[in-house]
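We name chains A, B, ... by the order of the sequence lines, and we start the count at 1 in each one.
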Amino acid sequence: MAEIETKSPSNFIKMIIDEDLKAGKNESRVATRFPPEPNGYLHIGHAKSICLNFGLAKEYEGTCNLRFDDTNPVKEDVEYVESIKEDVRWLGFDWEAREYYASDYFEQLYHLAIRLIKDGKAYVDSLSADEIREFRGTLTEPGKESPYRNRSVEENLDLFQRMRDGEFEDGRHVLRAKIDMAHPNLLLRDPTLYRIRKTAHHRTGDQWCIYPMYDYTHCISDAIECITHSICTLEFENNRALYDWVLEQLGLPCRPRQYEFARLNLNYTVLSKRKLIQLVTENRVSGWDDPRMPTISGLRRRGFTPESIRTFCERIGVAKANSIVDIALLEHTIREDLNKSAPRMMAVLRPLKVVIENYPEDKVELLEAVNNPEDPAAGTRQVPFSREIYIEQEDFMEDPPKKYFRLAPGREVRLRYAYFITCKEVIKDPANGRIVELRCTYDPATRGGDAPDGRKVKATLHWVSAAQAVGAQVRLYDRLFVKPDPDEKVEGKTFLDFINPNSLEVLNDCKLEPALAQAAPGRMFQFERLGYFFADPKECAAGRLVFNRTVTLKDSWARIAQNG
RNA sequence: UGGGGGAUCGUCUAGCGGUAGGACUACGGACUCUGACUCCGUCUGCCGAGGUUCGAAUCCUCGUCCCCCAGCCA
């Protein structure tokens, strides 16, 4: 794998780090962390955070920990931690031995909570969830203090111990920080620190029945790991006050700081865990790794490379303004990467038979084709040519518009690496009038693709020799939603109503040049003039070829045809 | 009507008192045995109004609009 670029554009976080370093903070260390909750699969938005956190560590010669924020057993699962590790690794990042879990800190967290209780900074509340909500007040009105707020330290200690011991049912009590029920920041109105959950945890089993909340856990985990810059997304800006409050009460040796950046939004897709889960559980897609999904596993299955995703994350930048990135940029970075590396092949997706009348019946000749014009080292290969070939249906028009310069009756075009051919006759199915075959002639003098007399031809078509062609299934993927913003508010509709009905088209009668018969699962190819295609890692096999279209080539003819 | 944040080309994003730059997109053109790639070129931008200054995207004032917060989710 190529070395990951260490130089990337500046951003406000780097400026903060530069200042910290100049001021000699944190013993000149830079320590970040990527802290996913294992309750879903990672998506392209997480890739932004991963590239940011690991990228910063690399650039400043620091460290980036992988830490699972696993404080809510009812939503989390090992399946997710495994997929997350696989995805981070696949993206090209290495957390070495620094694989941590918030659940590893449960004991420390518990003892720190006892300290808060002893300091009079936390108390056990016995209000119900509904009552707590009522007591919290509103955005404009202060809250009211719980009648349990002034329990004695001894009573709090006793109750908290019994909470841990499993004496109470879920919801019976919670541990709360004692801050200020009138605070304008609602998060500081005595936030919940611990709740009772008699649920087995995917790592700690039934060892615990009380679990710490995010705000309490995250900052302490950062401090335990001596993180210097704790980077999260904008919606946590309000939480920073609580992050700081907890750390200030505890006075731990390390004092991390939280900074927030804008999460990634992409048009024509959704990036919320809830919606992604819904797409999977309602079978709107085939799974988390459906090639239409914006998940890392989906992108991987689609044929995106780690390099292209990293480049994308670098190009979008890091800032504090909410924004929606055009998916065209993602498509650009994958084309850019694959153009350099993908071997070119010829494949006919929607075959139209062409018989070359003046070509000998059983002659088969091998023509030399360039494997990758962008990479001379990729060499050449031999492609068989014969009397009967297939071309793309859309490469022929009986009555072409002015700007169309592919094959048409009486017109001459070039078959790539082969000969010039001229269309002499169109054969139709008498039953329905559909074109079923073309009768053409070739010019033997144009072998290899050039005319000795110097005459030019407007178009070059890809083709496959019929007798040697190998069959394949090709899946044409397109954007999952028809609206740039699937969440746009429309009366009586949800994002599910905007799923693109044509986001997947399966073609079962594709004809590929014989070299593709050996295509190994997981390999990328450019099918000339069509796009980049990925031999499906799970389903492609020697006897049954299956390709996923990653992205089309840019197609200026499509634009002309559409705009008239 | 509380608090916390944010506004720069169509879209992302630089800029840190001294010529508003880059990328993507779009549109022209050159090249071409991929209507690809590449290369040239063009279009469009500082949320608004005042103020400070020789000079303001940047500093000040007042507005406007957008986002986040009332989980025992993260």
Side-chain angles (χ1 to χ4, degrees), chain A residues 9-11 15 35-37 39 69-72 74-76 125 127-129 132-134 136-143 170-176 182-189 191-197 211 213-215 217-218 232-241 260 262 264 267 273 314-333 335-336 339-340 344 346 369-370 373-374 403-406 414-418 420 448-450 456-462 484 526-531 552-561:
Chain A
S10 184
N11 58 53
M15 292 173 80
E37 182 189 13
N39 68 343
D69 230 327
D70 55 350
T71 58
N72 187 358
V74 317
K75 290 186 175 178
E76 299 154 7
D125 196 359
L127 252 23
S128 69
I132 285 181
R133 190 181 326 112
E134 286 165 24
R136 186 153 31 226
T138 68
L139 294 179
T140 51
E141 305 158 30
D170 287 12
R172 187 70 185 74
H173 305 285
V174 291
L175 183 73
R176 291 232 255 169
H183 198 103
N185 180 347
L186 306 213
L187 282 166
L188 260 25
R189 318 245 261 228
T192 301
L193 266 23
Y194 270 89
R195 77 286 216 192
I196 300 170
R197 281 278 178 285
Y211 292 93
M213 300 286 289
Y214 165 84
D215 286 303
T217 309
H218 200 89
C232 63
T233 45
L234 252 31
E235 65 270 28
F236 290 98
E237 281 177 320
N238 297 320
N239 299 247
R240 190 174 61 237
E260 311 87 15
L264 171 66
N267 56 16
K273 269 187 190 175
E314 182 176 311
R315 302 252 172 102
I316 58 177
V318 177
K320 294 202 70 158
N322 291 313
S323 60
I324 302 170
V325 174
D326 191 339
I327 197 154
L329 180 58
L330 218 209
E331 295 171 348
H332 174 261
T333 60
R335 285 192 187 106
E336 182 180 51
N339 177 52
K340 293 179 297 187
R344 316 288 134 121
M346 290 200 284
V370 174
E374 305 288 326
K403 287 178 179 169
Y404 184 90
F405 50 77
R406 274 110 97 145
R414 170 170 39 234
L415 293 179
R416 186 139 161 99
Y417 300 124
F420 284 12
D450 284 303
K456 298 293 181 191
V457 97
K458 286 284 279 290
T460 298
L461 311 186
H462 61 278
Q526 182 195 103
F527 290 175
E528 293 214 32
R529 304 209 302 133
L530 297 173
T552 61
L553 251 29
K554 290 223 313 197
D555 187 350
S556 51
W557 161 244
R559 213 174 295 127
I560 294 167

Given [options], the nucleotide with the shortest approach to the side chain of [X]:
X	options	answer
A:A319	B:rC69, B:rU13, B:rA23	B:rU13
A:W557	B:rU25, B:rG35, B:rA70	B:rG35
A:P373	B:rA7, B:rU34, B:rA70	B:rU34
A:S556	B:rU25, B:rG35, B:rA7	B:rG35
A:R197	B:rC73, B:rA70, B:rU34	B:rC73
A:N238	B:rU34, B:rC24, B:rG3	B:rG3
A:F405	B:rG35, B:rU1, B:rA70	B:rG35
A:K320	B:rG5, B:rA70, B:rC72	B:rG5
A:I316	B:rC12, B:rU25, B:rU34	B:rC12
A:Y214	B:rA74, B:rG35, B:rG2	B:rA74

Return the nucleotide paired to [N]: Watson-Crick means purine N1 to pyrimidine N3 with N6-O4 or O6-N4, wobble means G-U with N1-O2 and O6-N3, both under 3.5 Å.
N	answer
B:rC46	none
B:rU64	B:rA7
B:rC59	B:rG51
B:rG41	B:rC27

Using atom [atom1] in both nucleotides, what's the gap between [N] and [M] to the nearest angstrom?
N	M	atom1	result
B:rU13	B:rC9	P	10 Å
B:rG3	B:rC54	P	37 Å
B:rA30	B:rC66	C1'	44 Å
B:rC62	B:rA23	C1'	36 Å
B:rC60	B:rG22	P	29 Å
B:rC27	B:rG18	C1'	34 Å
B:rC68	B:rG45	C1'	27 Å
B:rA56	B:rG51	P	12 Å

For the residue pair A:Y404 and A:W557, categorise the inter-ring angle as parallel (less than 30°), tilted (30 to 60°) or perpendicular (more than 60°).
perpendicular
So what does [X] touch, heavy atoms closer than 4.0 Å: a base, only the sugar-phosphate, or nothing?
X	result
A:R133	sugar-phosphate
A:A129	base
A:E528	base
A:N239	base
A:N267	nothing
A:V370	nothing
A:L127	base
A:Y404	base
A:L329	sugar-phosphate
A:M15	base
A:F236	base
A:R189	nothing
A:L530	nothing

Residue whose nearest RNA chain B nucleotide is more 5′ - A:M213 or A:R344
A:R344
Tell me which of A:Y194 and A:K458 sits closer to the 5' end of RNA chain B, going by the nucleotide each one is nearest to.
A:K458
Under 3.5 Å, is there any donor-acceptor pair linking the side chain of [X] to the base of [N]?
X	N	answer
A:R315	B:rU13	no
A:N322	B:rG5	no
A:R240	B:rG4	no
A:Q526	B:rU34	yes

Rounded to the Å, how far apart are [X] [atom1] and [N] [atom2]?
X	N	atom1	atom2	result
A:R136	B:rG2	CZ	P	20 Å
A:D555	B:rU34	CG	C1'	11 Å
A:E141	B:rU1	CD	C1'	11 Å

Do any side-chain nitrogens or oxygens of [X] fall under 4.0 Å of OP1 or OP2 in [N]?
X	N	result
A:H332	B:rC24	yes
A:R559	B:rC27	yes
A:R195	B:rC73	yes
A:K273	B:rC73	no
A:T192	B:rG71	no
A:R335	B:rA36	no
A:R172	B:rC72	no
A:T333	B:rC24	no

To the nearest 0.5 angstrom, please state how far the OG1 atom of A:T217 sits from the OH atom of A:Y194.
6.5 Å
Nearest 0.5 Å, what's the CG-NZ distance between A:N339 and A:K554?
11.5 Å
Return yes if some donor-acceptor pair links the side-chain N/O of A:R189 with the main-chain N/O of A:H183 below 3.5 Å, else return no.
yes
Cationic N near anionic O, under 4.0 Å, A:E528 to A:R416:
yes
How about [X] and [Y]: do any of their side-chain heavy atoms sit closer than 4.5 Å?
X	Y	answer
A:R344	A:E374	yes
A:R315	A:V325	no
A:N72	A:N39	no
A:L234	A:K320	yes

Please identify which of these residues, A:L175, A:V174, A:D215, meets the side chain to side chain contact (heavy atoms under 4.5 Å, CB included) condition with A:T192.
A:V174
Torsion-based syn/anti label for B:rG71, 90° from 0 as limit:
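Because its glycosidic torsion lies within 90° of 0, B:rG71 adopts the syn conformation.
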